[in-house]
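By convention in this document, chain letters (A, B, ...) are assigned in the order of the sequence lines, proteins followed by strands, and residues within each chain are numbered from 1.
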2 protein chains.
Amino acid sequence: MPAPLLTKPEILGRLMNLFREKGFDGASLSDISESTGLGKSSLYHHFKNGKEEIALQVLAHLEEQLERALFEPMRSTEAPRKKLGRMLDTIDTFYEGGKRACLLERLCASVDSRRFRRPLGHAFNVWIDAVEVLGVESGLPRAVARRRAEDLVVRIEGALVVCAGTGNTSVFARVIRDLRESVLAPLPRRAVRRPKRRV
Amino acid sequence: MPAPLLTKPEILGRLMNLFREKGFDGASLSDISESTGLGKSSLYHHFKNGKEEIALQVLAHLEEQLERALFEPMRSTEAPRKKLGRMLDTIDTFYEGGKRACLLERLCASVDSRRFRRPLGHAFNVWIDAVEVLGVESGLPRAVARRRAEDLVVRIEGALVVCAGTGNTSVFARVIRDLRESVLAPLPRRAVRRPKRRV
DNA sequence: GTCTATACGTGGATAGAC
DNA sequence: GTCTATCCACGTATAGAC
């Protein structure tokens, strides 16, 4: 029983929740119709290219949300560690402590994720970039900051998968906790890594 | 054009590849029929409960494979670090350097993953357990070994997601490389961690 | 812009012959 | 045990009235 009239952002917000819950393949047009209160034909009025365009717009909507809620606060003048903590809080809330899925991951797992590869890649990269900036701000070499930023995203996505698979959200909680320390930790004293020979 | 007669393990192997590629929802009975060379009716002869039972048997098949290829070698008398390296080599090969997906993750992402939660949770846990044992063998406190074992699985799953999303497999390669060092690294000198107060 | 009605394919699953 | 033929529900998408 959806509200009679929803704004575009409201519609996209509901659809994001739907896709996070059911995935792209799992969310049928009937589901989409129900969760937005729009008839199927109306959907094709708003999204001329059907389901694929819906997903693309939801993805764009997510990026806007991320920009406002996650990245923009990172450009304040606060201490990097403080900003990292804020980001992790937001992430923890967004995923409800590991109970809810990631839209990006759900789209990656859709039947032909290649259709979404470009926007998906972009979304992952802006996220990684934002964390990398924090690392550089706090004095880490760019390469190290990059590595750790990738690691943050990798660990969060991985924790969500493991939590979904085991039903045990404590893994997610611990990952979030660890990241607060590890992402911006200063380099150990004499840890000038010798580059390993490749095989 | 599949071979005329396949053994059960061969069938399950092909189906595992299929599910890894297309996911549970994305693999139709027609796909399943084609990749095994069995007509739909024959499938129901082998798997009386249909698609769901197929997935369950494929999962069981995976666990057998893991036992032989991954866990059993861990029970040798070699040095733990050597065994860890062997496990990571096997994993790297299994995922083809990040290019191929994880069956567990694909099933987690299926429409109602709850049907598979029990076997999925089991599969994740036996994997984590095996790594934990290595940690304990190499002298780590059990809690630390457990944490790091979870971390290994989390990072691998996360790296696969990020690689699938970005198309950049270097993240997977780096994660594997890091894990060789980090999982069994000795605890730092005076790093007797004070337990953090919970909020 | 929204609806009702419908088209058309394909999904999973079965019947029953061989 | 495998096949051909078929069932029905539901998938996405469209037509056309209002």
The side chain to side chain donor-acceptor pair (under 3.5 Å) partners of A:Lys82 (sequence neighbours excluded) come to none
Residue pairs passing the side chain to side chain donor-acceptor pair (under 3.5 Å) test with at least one member in residues 90-111 of chain A, sequence neighbours excluded, are A:Asn17-A:Arg100
Reading nucleotides 3-18 of chain C from 5' to 3' and marking B where a protein heavy atom lies under 4.0 Å of the base, S where only the sugar-phosphate is that close, and - otherwise, the string is BB------SBBBB---
Hits for side chain to side chain donor-acceptor pair (under 3.5 Å) against B:Thr77, two or more places apart or cross-chain, chain-then-number order -> none
Quiz item: Is it true that B:Glu150 and B:Arg155 have a side-chain N and a carboxylate O under 4.0 angstrom from each other?
Solution: no
Here the distance between atom C1' of C:dG1 and atom CG of A:Leu6, to the nearest Å, is 14 Å
Taken in chain and number order and not counting sequence neighbours, the residues that satisfy salt bridge (charged side-chain N to carboxylate O under 4.0 Å, His left out) with A:Lys83 are A:Glu137
Practice task
Check whether any side-chain N or O of B:His46 sits under 4.0 Å from OP1 or OP2 of D:dT2, and answer yes or no.
Solution key: yes
Expected list for residues 116-131 of chain A: side-chain donor-acceptor pairs under 3.5 angstrom, two or more places apart:
| unit_1 | atom_1 | unit_2 | atom_2 | d |
| --- | --- | --- | --- | --- |
| A:Arg117 | NH2 | B:Ala164 | O | 3.2 |
| A:His122 | ND1 | A:Glu63 | OE1 | 3.1 |
| A:His122 | ND1 | A:Glu63 | OE2 | 2.9 |
| A:Asn125 | ND2 | A:Gly121 | O | 3.1 |
| A:Asp129 | OD1 | A:Arg146 | NH1 | 2.6 |

note: A:Ile54, atom CD1; D:dG11, atom P; distance rounded to Å ~ 14 Å
Residues at least two apart in sequence or cross-chain that pass salt bridge (charged side-chain N to carboxylate O under 4.0 Å, His left out) with A:Glu64, listed by chain then number, are none
Taken to the nearest whole Å, NE2/A:His45 to C1'/C:dG1 is 5 Å
What residues 104-119 of chain A contributes to the DNA chain D interface at heavy-atom separation below 4.0 Å is none
Residues passing the salt bridge (charged side-chain N to carboxylate O under 4.0 Å, His left out) test with A:Arg114, sequence neighbours excluded, are none
